[in-house]
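Here is the structure we will look at, set down as structure tokens.
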Amino acid sequence: YAGQVLKLPGGADAPAPAPENHPGGDASNVVDAARALKGDGYHYTVNLTSNYNPVRFKIGCCADFAIDSWAKAGKDLYHEISNPHYVPTIMNWMKDHGEFAHTAKPGDMVFFDWDGDGEGDHVAIVTEVDGNGHASKIIESYDFNQPVRERSIGNSSDNIMGYAHP
């Protein structure tokens, strides 16, 4: 099994390898994809009015960036989720499809509730986790007409609702 340590007779005890801080399986390219979108100049749209027109893989809100990052890594949910531009819709879809969790891996989506009303307000991509399985660093599309940024979680950890595994 993954992570299992075997002890062979006559062999010297060796320390178990440290876990990699990079996603495995389906998530193996999500962090790289998110960073590539950042490097290509992905930025938050100018506004979220009824005239909202994201441009796939170039311009979009936090939800669009998370969906585009996963899509670029090979898991495109854009046409499966009824409103891929709206954080609560994405979060509910993840819960309904058994992809919601309370511990993180790099490449996961992380959902935040800023106002404490129990509904997701923001989503980002986890780039690093701590030893307890909590996000410690994220990459996000975060403010009007601003480029994507990567940052430490800091005090935002109190607002995390959960994670979605790709």
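As a basis for the values below, the full set of heavy atoms in this structure was taken, side chains included, without hydrogen atoms, waters or symmetry mates. Fair warning: this is a prediction, and the values are worked out from it, not measured in the lab.
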Just so I know, are the side chains of [X] and [Y] near enough to count as touching, which here means a heavy-atom distance under 4.5 Å?
| X | Y | result |
| --- | --- | --- |
| I67 | I90 | yes |
| Y163 | V126 | yes |
| P106 | V30 | no |
| E150 | T127 | yes |

Identify the heavy atoms of [X] and [Y] that sit nearest to each other, and give their distance.
| X | Y | result |
| --- | --- | --- |
| G107 | V31 | N-CG2, 3.6 Å |
| I153 | A135 | CG1-O, 3.4 Å |
| M161 | E119 | SD-C, 3.9 Å |
| V148 | K38 | O-CE, 3.5 Å |

* Measure centre to centre between the rings of Y78 and H85, then say whether the value is under 6.0 Å. => yes

If only atom types and distance count, is the side chain of [X] paired as donor or acceptor with the main-chain N or O of [Y] below 3.5 Å?
| X | Y | answer |
| --- | --- | --- |
| S141 | G60 | yes |
| H134 | D130 | no |
| D143 | Y44 | no |

* To do: Please list, chain by chain and in numerical order, all residues satisfying ring-ring contact (aromatic ring centres under 6.0 Å, His included) with H79, sequence neighbours excluded.
  => none

* Pairing of D76 and R56 as salt bridge, 4.0 angstrom limit ->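 Judged by the 4.0 Å cut-off on N to carboxylate O distance, D76 and R56 do form a salt bridge.
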
* To do: State plainly whether the residues R149 and E140 are in salt-bridge range, i.e. N to O under 4.0 Å.
  =>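 Salt bridge present between R149 and E140.
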
Value rounded to 0.5 Å, distance of [atom1] in [X] from [atom2] in [Y]:
| X | Y | atom1 | atom2 | result |
| --- | --- | --- | --- | --- |
| I81 | T89 | CD1 | OG1 | 8.5 Å |
| L77 | D68 | CG | CG | 11.0 Å |
| E128 | S152 | CD | OG | 7.5 Å |
| C62 | F111 | SG | CZ | 9.5 Å |
| F100 | M109 | CZ | CE | 11.5 Å |
| C61 | D64 | SG | CG | 4.0 Å |

* Quick one: do R151 and I138 satisfy side chain to side chain contact (heavy atoms under 4.5 Å, CB included)? Show the steps, please. => CA-CA 6 Å; R151 69 174 179 91; I138 59 172; 3.6 Å; yes

* Cation-pi geometry met for K58 and Y42 (6.0 Å, 45°) ->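 No; the conditions do not both hold, so K58 does not lie above the ring face of Y42.
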
* In terms of heavy-atom contacts, does CG of N155 have more than 12 from other residues, nucleotides or ligands at under 6.0 Å? -> no

* To do: Can you label the angle between the F112 ring and the W114 ring as parallel, tilted or perpendicular, going by 30° and 60°?
  => parallel

* Give the intermediate values and the outcome of salt bridge (Lys or Arg N to Asp or Glu O under 4.0 Å) for residues E99 and K75. => CA-CA 13 Å; E99 302 200 30; K75 186 167 184 173; 2.7 Å; yes

* Given L37 and F57, is the side chain to side chain contact (heavy atoms under 4.5 Å, CB included) satisfied, shown in steps? -> CA-CA 7 Å; L37 289 172; F57 308 109; 4.0 Å; yes

* Could you walk me through whether Y142 and H43 pass the side chain to side chain contact (heavy atoms under 4.5 Å, CB included) check? -> CA-CA 8 Å; Y142 71 100; H43 63 278; over 6 Å; no

* Have a look at P166 and tell me which of D108, N29, I125 forms a side chain to side chain contact (heavy atoms under 4.5 Å, CB included) with it. => D108

